[in-house]
Student: 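This structure is in structure tokens; I'll ask about it shortly.
As the structure lists them, so they are numbered: ligands from 1, and atoms in each ligand from 1.
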Amino acid sequence: MIQTSYDKALVVDDERFVLRTTASLLERLGVRQVLTAESAEAAIQLITSVEQPIGLVLSDLNMPGVDGVDLIRMFDEADYRGDLILFSGEDPQTLSMAESLARARKLSVLGSMAKPVSHATLEEMLKRPSLQHADKPVRPRPLISHEDVRAAIENAELAPWFQPKIDIASRQPVGVEVLARWPNGPAGGPVFPDEFIPVAEENGLIDKLTWLMVDKAVAFSNSWRDAGIQLKVALNVSMNSLQALDFPTEIERRIRDAGGASGDFEVEVTESRLATDVVLPLDVLLRLRLKRIGLSIDDFGTGHSNLAQLRDLPFDELKLDRSFVRGALYSGRTEIILQASVDLAKRLGMTVIAEGVETLEDWQRVSELGCDQVQGWFTAKPMPGEAIAKWYKGWAARVAQLFPGN
Ligand code: G
Ligand code: G
Ligand code: MN
């Protein structure tokens with residue numbers, strides 16, 4: 001018997017027989033307590049009322065009065081943060097669409113399966129890594145004010161954290177992505193970018209935030225260089241900031257004034273939450289290129305990143321969105337899209353990096369697809385600049401363990 005990490009699970013189906021058999025399967029697989037619900041409404045009530053959170057929900061996709069689309073919306077609106085397995089008598093294509101819909105809503109879907117639920121399939125699915133954002137708070141916090149964000153930027157309370165990028169062929173760290181962190185927010189604890197980036201964007205503070213990240217990141221970059229560590233530093237810049245024609249000159253000046261070289265930096269173009277249909281200005285991108293600042297298209301496969309941009313704009317790196325990278329393990333269709341994206345980018349002469357690589361299995365898969373680099377929790381979570389040198393040394397030892405013999 002495997003030992004699952006689930007304390008409490010919930011099975012949702014309108015047929016009692018299915019409830020009973022599935023619940024007993026889960027118990028045999030080591031789940032301590034299994035609750036059941038005969039309707040979506042009853043399930044939502046349990047999810048929102050039970051004190052000890054439910055870690056896993058197995059739900060039928062089609063129940064009287066509630067179809068799969070409603071069901072997924074209900075889980076999302078109930079702010080369910082545990083893992084989810086969908087099952088149904090529908091065809092595999094429908095199941096896979098439902099899975100994608102749930103993922104688009106940021107639900108942590110382990111997978112989907114056809115009825116009847118079998119012991120072997122369930123056992124395999126329970127071993128899959130959870131997609132829960134483990135280092136993020138489970139409940140949304142109260143909204144933070146733009147005064148707080150402004151003060152945090154002006155007092156330089158925000159810090160750049162860094163997540164390594166590794167070259168697959170050489171297994172060497174080649175760069176780091178800068179991710180803004182606010183360690184001591186208004187409520188005392190850390191505040192994550194999902195909360196303060198939108199506030200900064202909506203209140204005209206995003207450029208100030210970018211410059212703070214640049215100034216601080218260049219200082220770290222210098223210290224690594226002095227220690228013999230060469231890492232290209234990738235800054236997240238929202239499309240809104242790139243509308244300003246003087247952006248390239250300003251970023252270059254900041255890098256130079258802080259003692260860095262612009263060729264050691266790149267810009268990851270991220271979607272702005274303000275305007276989703278802004279066009280990236282070619283003149284700004286061209287200027288960045290002339291200054292040897294790398295250009296990376298972020299979150300490829302979602303939102304703003306599209307084929308027209310690949311056609312028209314001089315990107316040198318493509319970052320595959322992590323939702324694709326994770327999904328690749330479980331869906332044939334995703335894998336086809338992923339393979340085509342990688343081939344396309346390679347033929348356009350771009351470097352391809354896979355985000356969200358969490359396991360060695362992910363690493364091997366994206367390596368087989370032809371990706372050049374990986375980034376993700378498998379190699380390292382984002383860390384403060386002071387921690388990079390130590391991590392860098394430790395990585396060499398880990399490579400020797402992970403890939404013995406070469
Ligand atoms: O680790 P993570 O929670 O840091 O980042 C969440 C999101 O916030 C990512 O999509 C990332 O692009 C964005 N983000 C993180 N740091 C910055 C930043 O300095 N500027 C901008 N514009 N976006 C950032
Ligand atoms: O800019 P971008 O949206 O790509 O930001 C990267 C985001 O992904 C950050 O929120 C970062 O903390 C997160 N992240 C980085 N590596 C992993 C990973 O392996 N798994 C998951 N789930 N998130 C990751
Ligand atoms: Mn990014």
Student: Would Glu177 count as a contact of ligand 2 if the rule is a heavy atom under 4.0 Å away?
Tutor: yes
Student: If I apply the N/O under 3.5 Å rule, does Met213 come out as touching ligand 1?
Tutor: no
Student: So, regarding Glu201 and ligand 1 (criterion: nitrogen or oxygen to nitrogen or oxygen, under 3.5 Å), is there a contact or not?
Tutor: no
Student: Could you tell me if the side chain of Leu209 sits less than 4.5 Å from the side chain of Ile197, heavy atoms only?
Tutor: yes
Student: At a non-hydrogen distance cut-off of under 4.0 Å, which region of Leu235 contacts ligand 1 (side chain, backbone, both, or neither)?
Tutor: neither
Student: Taking atom types as modelled and ignoring hydrogens, do the side chains of Asp148 and Ser145 form a donor-acceptor contact shorter than 3.5 angstrom?
Tutor: yes
Student: Taking both backbone and side-chain atoms of Thr270, is any N or O found less than 3.5 Å from an N or O belonging to ligand 2?
Tutor: no
Student: Checking contacts here: is it the side chain or the backbone of Asp321 that comes within 4.0 Å of ligand 2, counting heavy atoms only? Could be both or neither.
Tutor: neither
Student: Please check if atom CE in Met97 has more than 12 non-hydrogen atoms from other residues, nucleotides or ligands closer than 6.0 Å.
Tutor: no
Student: Quick check: Glu268 and ligand 2, any N/O pair under 3.5 Å apart?
Tutor: no
Student: Listing by chain and number, which protein N, O or S atoms are under 2.8 Å from the Mn ion (ligand 3)?
Tutor: Glu177 OE2, Asn236 OD1, Glu268 OE1, Asp298 OD2
Student: Taking the six-membered ring of Phe378 as reference, does the NZ or CZ atom of Arg398 fall below 6.0 Å from its centre and within a 45° cone about the axis?
Tutor: yes
Student: Taking distance alone, with no angle check, do Lys319 and ligand 2 share an N/O pair under 3.5 Å?
Tutor: no
Student: Which atoms of ligand 2 sit under 4.0 Å from any heavy atom of Gly376?
Tutor: 16 (N), 19 (O)
Student: Under 4.0 Å from any heavy atom of Gln163, which atoms of ligand 2 are there?
Tutor: 15 (C), 16 (N)
Student: Counting only heavy atoms closer than 4.0 Å, does ligand 1 sit against the backbone of Leu179, its side chain, both, or neither?
Tutor: both
Student: Do Lys208 and Trp211 form a cation-pi contact, if we require the NZ or CZ to be under 6.0 Å from the six-membered ring centre and within 45 degrees of the ring's axis?
Tutor: no
Student: Have a look at ligand 2 and work out which part of Arg322, if any, has a heavy atom under 4.0 Å from it: side chain, backbone, both or neither.
Tutor: side chain
Student: Side chains of Asn240 and Glu201: is there a donor and an acceptor less than 3.5 Å apart?
Tutor: no
Student: For the residue pair Phe220 and Phe162, does the interplanar ring angle fall in the parallel (under 30°), tilted (30 to 60°) or perpendicular (over 60°) class?
Tutor: perpendicular
Student: Which residue pairs pass the salt bridge (charged side-chain N to carboxylate O under 4.0 Å, His left out) test when at least one of the two sits in residues 154-165, sequence neighbours left out?
Tutor: Lys165-Glu266, Lys165-Glu268, Lys165-Glu317
Student: Are a donor atom and an acceptor atom from the side chains of Asp91 and Thr94 found within less than 3.5 Å of each other?
Tutor: yes
Student: Keeping to residues at least two apart or across chains, list the side chain to side chain donor-acceptor pair (under 3.5 Å) pairs with something in residues 250-262.
Tutor: Asp215-Arg254, Glu250-Arg253, Glu250-Arg254, Glu252-Lys291, Arg253-Asp257
Student: Applying salt bridge (charged side-chain N to carboxylate O under 4.0 Å, His left out) as the test, list every pair that has at least one member in residues 340-357; sequence neighbours left out.
Tutor: Lys319-Glu355, Lys346-Asp372
Student: Verify the neighbour count for atom CD of Gln33: are there more than 12 heavy atoms of other residues, nucleotides or ligands below 6.0 Å?
Tutor: yes
Student: State whether Arg73 and Asp70 are salt-bridged, where the test is any N-O pair (Lys NZ or Arg NE/NH1/NH2 against Asp/Glu carboxylate O) under 4.0 Å.
Tutor: yes
Student: I'd like to check which ligand 2 atoms, numbered from 1 as shown, lie under 4.0 Å from a non-hydrogen atom of Asp299.
Tutor: 2 (P), 3 (O), 4 (O)
Student: Which of these, Ile197, Leu209, Asp194, has its nearest heavy atom closest to atom 24 (C) of ligand 1?
Tutor: Ile197
Student: For Glu355, is at least one N or O under 3.5 Å away from an N or O on ligand 2?
Tutor: yes
